[in-house]
Undergrad: 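There's a structure below that I have some questions on.
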Amino acid sequence: MSSSPVTRVVVAATTPDPEQRAVRVSRDLLASGHEVVYLGEALTPLQVARSAVAEDAVQVVVSDEAVGAVRRELDALGIDDVEVAPLGG
């Protein structure tokens, strides 16, 4: 019986997160079997992108309004194999 590989996901809020969406998303991802690196809130898109690279993440989940900016920062770092998804709400 083979199991699917564990994927590392970076989760961050680039703005204040009073509803703690990032925490809830992190918990859901953990429950689904992912390895989660929770960065907290009030981070810049560049900080998030660099953390994703340092953590060897396959996905970044960030505040909805920061998806494009994080994607651009990853592209600028030459990283095109990391998916960027919104926290949603």
Side-chain angles (χ1 to χ4, degrees):
M1 172 181 200
S2 69
S3 60
S4 60
V6 174
T7 57
R8 184 171 294 164
V9 180
V10 167
V11 179
T14 54
T15 59
D17 189 19
E19 297 175 5
Q20 295 193 330
R21 289 184 304 170
V23 172
R24 286 184 284 149
V25 167
S26 295
R27 288 181 182 151
D28 290 346
L29 289 165
L30 280 169
S32 298
H34 298 281
E35 184 177 319
V36 175
V37 178
Y38 173 71
L39 300 178
E41 56 185 82
L43 298 164
T44 67
L46 180 57
Q47 289 172 315
V48 175
R50 286 182 175 164
S51 295
V53 173
E55 294 292 345
D56 197 28
V58 298
Q59 184 180 37
V60 175
V61 181
V62 292
S63 306
D64 298 14
E65 61 278 351
V67 170
V70 172
R71 176 75 269 154
R72 286 188 294 278
E73 294 293 356
L74 286 167
D75 289 344
L77 294 170
I79 306 300
D80 62 0
D81 61 346
V82 174
E83 178 186 348
V84 181
L87 282 170

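These numbers were taken from a predicted model, which means no experiment stands behind them. What you see below is based on every heavy atom in this structure, not just the backbone, and it leaves out hydrogens, waters and symmetry mates.
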Undergrad: Once side chain to side chain donor-acceptor pair (under 3.5 Å) is applied, do any residues pair with Glu83, and if so which ones, sequence neighbours excluded?
TA: Gln59
Undergrad: Could you tell me the separation between the CD atom of Glu65 and the CG atom of Leu87, rounded to the nearest 0.5 Å?
TA: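 Rounded to the nearest 0.5 Å, the CD-CG separation comes to 8.5 Å.
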Undergrad: To the nearest 0.5 angstrom, please state how far the CD atom of Glu35 sits from the CG atom of Leu29.
TA: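 Going from CD on Glu35 over to CG on Leu29, the span is 11.5 Å.
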Undergrad: Going from CZ on Arg71 to CD1 on Ile79, what distance comes out if it is rounded to the nearest 0.5 angstrom?
TA: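 One gets 9.0 Å once the value is rounded to the nearest 0.5 Å.
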Undergrad: Any chain of hydrophobic side-chain contacts (each under 4.5 Å) joining Val61 to Val84?
TA: no
Undergrad: Of all heavy-atom pairs between Pro86 and Asp64, which one has the smallest distance, and what is that distance?
TA: CB-OD1, 3.5 Å
Undergrad: According to a 4.5 Å side-chain heavy-atom criterion applied to Ile, Leu, Val, Met, Phe, Trp and Tyr, with indirect links allowed, do Val37 and Val23 form part of one hydrophobic cluster?
TA: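 Different clusters: Val37 never reaches Val23 through Ile, Leu, Val, Met, Phe, Trp or Tyr contacts under 4.5 Å.
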Undergrad: Mind listing the closest non-hydrogen atom pair of Val82 and Ala57 along with its distance?
TA: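 Nearest pair, atom of Val82 first, then Ala57: CG2-O, 3.3 Å.
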Undergrad: Leu77, Leu43: one ILVMFWY side-chain cluster at the under-4.5 Å cut-off?
TA: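 Result: yes, single cluster for both.
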Undergrad: If every non-hydrogen atom of Glu73 is compared with every non-hydrogen atom of Ala49, which pair is closest and at what distance?
TA: CB-CB, 3.7 Å
Undergrad: Can you name the closest pair of heavy atoms from Val11 and Ala22 and give their distance?
TA: CG1-O, 3.6 Å
Undergrad: State yes or no: do Val53 and Val58 share one hydrophobic cluster built from I, L, V, M, F, W and Y residues joined by side-chain heavy-atom distances below 4.5 Å, directly or via other members?
TA: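 No; tracing contacts between hydrophobic side chains, which count when under 4.5 Å, never links both residues.
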Undergrad: Hey, does the side chain of Thr14 reach the backbone of Ser63 with a donor-acceptor pair shorter than 3.5 angstrom?
TA: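 Not a single qualifying donor-acceptor pair exists.
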Undergrad: Locate the shortest heavy-atom distance separating Val48 from Ala12; write the atom from each residue and the value.
TA: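 Heavy-atom minimum between the residues: CG2-CB, 3.8 Å.
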Undergrad: Treat each ILVMFWY residue as a node, draw an edge where side-chain heavy atoms are under 4.5 Å apart, and state whether Leu39 and Val60 are in one component.
TA: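 The answer is yes; both residues are in one hydrophobic cluster.
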Undergrad: Rounded at 0.5 Å granularity, tell me how far CD in Gln20 sits from CZ in Arg27.
TA: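 Going from the CD atom of Gln20 to the CZ atom of Arg27 covers 7.0 Å.
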Undergrad: Atom CZ of residue position Arg24 - does it have more than 12 heavy atoms of other residues, nucleotides or ligands inside 6.0 Å?
TA: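 Atom CZ in Arg24 is packed in, count exceeds 12.
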Undergrad: At what distance, to the nearest 0.5 angstrom, does OG1 of Thr15 lie from CZ of Arg21?
TA: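 It is 7.0 Å, given to the nearest 0.5 Å.
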Undergrad: Say you draw a straight line from CG of Asp75 to CG of Asp80; how long is it, rounded to the nearest 0.5 Å?
TA: 7.5 Å
Undergrad: List the atom of Ala52, the atom of Val10, and the distance in Å for their closest heavy-atom pair.
TA: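 Shortest heavy-atom contact: CA-CG2, 3.9 Å.
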